[in-house]
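Inspection log for the structure reproduced underneath, given as structure tokens.
The chains referred to below are lettered A, B, ... by the order of the sequence lines, with proteins before strands, and numbering in each begins at 1.
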2 protein chains.
Amino acid sequence: MKKTSLEEQILQTAEELFLEKGFDATSTTDIAKKAGCNQALVHYYFRTKENLFMQIFAKKQEMVFSCLKLKEESDFQTALNDFIDAYFELLMKNRKLPFFIINELIMRDDRRQYFRKKVIESPEYLKYYGVWNTMLQKEIAEGRVRPIELSDLTLHIVSLIVFTFISLPLYSDFFEKDETEIATYLNHRKEAIKEVIFKGIS
Amino acid sequence: MKKTSLEEQILQTAEELFLEKGFDATSTTDIAKKAGCNQALVHYYFRTKENLFMQIFAKKQEMVFSCLKLKEESDFQTALNDFIDAYFELLMKNRKLPFFIINELIMRDDRRQYFRKKVIESPEYLKYYGVWNTMLQKEIAEGRVRPIELSDLTLHIVSLIVFTFISLPLYSDFFEKDETEIATYLNHRKEAIKEVIFKGIS
DNA sequence: GCTGTGTTTAATAGGTCTATTAAATTTGGC
DNA sequence: GCCAAATTTAATAGACCTATTAAACACAGC
């Protein structure tokens with residue numbers, strides 16, 4: 001029936017807890033307790049907490065990365081619009097993802113090096129950057145977009161999107177919003193961000 | 001000469017370490033070691049780690065808050081420009097501040113309640129929100145700014161500014177930037193943010 | 001020089017955490 | 001039903017962390 005159920009269970013529980021509280025604040029005892037097994041079992045299957053964590057971190061990092069792999073559309077504006085949609089869609093389903101990644105990258109040097117190697121310096125990443133840049137330069141040359149560097153545009157967009165999700169726990173807490181209100185809020189934010197970006201680059 | 005030197009020293013060292021690594025990752029042993037005293041002395045002066053931390057957190061929170069208290073200018077656009085300048089100036093001198101505050105607010109419910117009580121629900125904060133809103137509505141009514149909610153505009157600006165500083169360790173690490181390059185980068189970002197905001201709301 | 005007060009230290013209690021070890025238990029193949 | 005391998009547990013080593021306690025030290029005022 002449930003083959004190697006506990007190994008799966010541990011991995012899944014660890015994912016929840018690491019995303020919720022981060023690496024430091026999550027103990028293997030916590031994971032075992034929530035997964036319904038002995039703490040030693042966590043080490044039996046994954047040997048170290050670091051191992052277990054890295055399996056999850058690599059997966060989540062890949063999720064963030066995958067959003068960059070966007071279909072090359074003819075129209076820059078459409079591509080950009082789709083990109084924002086895709087990113088928002090991903091993060092609406094994984095609200096804790098931005099803070100999780102950022103937090104681990106800031107706190108730990110080795111995680112930063114790992115991310116750099118796997119994402120920033122990957123040929124794929126560099127290729128996509130080139131594609132986007134070509135499209136942007138064409139837009140600028142043809143006067144549909146004001147002169148702006150891709151690095152700035154990217155950081156604008158990432159800032160606006162990511163910070164929305166990083167600050168989400170504060171929003172829901174400070175203003176006592178329930179689940180449906182949050183969903184409405186997020187959709188509203190998505191459109192507001194598109195508006196300020198598209199107006200801001202034209 | 002150096003009256004109650006060690007108490008001062010402990011407070012100062014604690015500030016550095018808490019800002020650098022956060023509450024959880026900083027031990028009273030770390031603080032004592034760096035301050036050059038016995039670990040028990042930290043508890044002698046501040047009793048608990050939490051006490052010590054809260055003195056620092058309250059101060060830092062107040063710094064963030066103080067930026068909202070902007071002189072009321074006649075011109076909305078100037079006021080907004082000055083606000084961005086002030087915020088950037090503060091954070092350029094306190095680069096770790098944004099992540100420090102955000103991190104503690106996200107990680108701990110009680111910190112969030114404290115912040116809410118002291119900042120979000122303070123009469124001052126509400127008053128400033130009202131003043132800004134009046135100015136914004138006037139701009140919109142007179143056609144100088146497109147219809148936009150103050151909450152959205154605020155979140156746009158805060159996202160763009162705060163994320164610049166949150167992601168700064170990644171920027172300097174990934175692209176191997178030195179101190180002067182970082183200063184240049186930050187000034188560049190400030191202007192780029194102003195540009196996208198001002199174009200984005202007109 | 002003694003005394004009392006404030007400062008600093010060493011020592012330690014009591015807790016949690018990661019990781020390991022050895023023993024118990026389960027399971028599948030024959 | 002039995003054996004070997006895989007799974008799960010209890011127990012524990014060793015490290016570190018917060019907070020307290022009691023003792024040592026410094027020094028001001030007399």
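- Rounding to whole angstrom units, CD of residue A:E50 and P of C:dA19 are separated by 9 Å.
- Ring-plane geometry between B:Y125 and B:F65 is classed as tilted, the angle between the planes lying from 30 to 60 degrees on a 0 to 90 degree scale.
- Formation of a donor-acceptor pair under 3.5 Å by the A:T48 side chain with backbone atoms of A:N51 is found in this model.
- Between the NZ atom of A:K33 and the C1' atom of C:dT16 there is a distance of 11 Å, given to the nearest Å.
- The nucleotide whose nearest atom lies closest to any side-chain atom of A:S27 is, among D:dT20, D:dT18, C:dT18, C:dT18.
- Distances from the side chain of B:D30 to the nucleotides C:dC17, D:dT18, D:dC17 place D:dC17 closest.
- Closest approach to the A:A40 side chain among C:dA11, D:dA11, D:dT8 is made by D:dA11 (side chain taken as heavy atoms from C-beta onward).
- For the pair A:I31 CD1 and C:dT18 P, the interatomic distance rounds to 8 Å; values are reported in whole Å.
- The list of ring-ring contact (aromatic ring centres under 6.0 Å, His included) pairs with a residue in residues 183-202 of chain A, not counting sequence neighbours, reads A:Y171-A:Y185.
- Here the P atom of nucleotide D:dC16 and the CG atom of A:D24 are 15 Å apart, to the nearest Å.
- Comparing D:dT20, D:dT8, C:dT8 by their closest approach to the side chain of B:L41 singles out C:dT8.
- No donor-acceptor distance shorter than 3.5 angstrom exists from the side chain of B:T26 to the backbone of B:F23, with no hydrogens or angles considered.
- When distances run from any side-chain atom of A:N38 to the nucleotides C:dC17, D:dA10, D:dT21, the shortest one goes to D:dA10.
- In this structure, CD of A:Q9 is placed 16 Å from P of D:dT7, rounded to the nearest angstrom.
- Remark: C1' of D:dT9 and CG of A:L6 are 12 Å apart, rounded to the nearest angstrom.
- For the ring pair (Phe, Tyr, Trp, His ring centres under 6.0 Å) with A:F165, the qualifying choice from A:F99, A:F88, A:F100 is A:F88, the only one to do so.
- Residues B:K49 and A:Y44 both approach DNA chain D. Their nearest nucleotides, taken by heavy-atom distance, put A:Y44 toward the 5′ side.
- In this structure, CD of B:Q39 is placed 18 Å from P of C:dT7, rounded to the nearest angstrom.
- B:F53 places its CZ atom 14 Å from the P atom of D:dA19, with the value rounded to the nearest Å.
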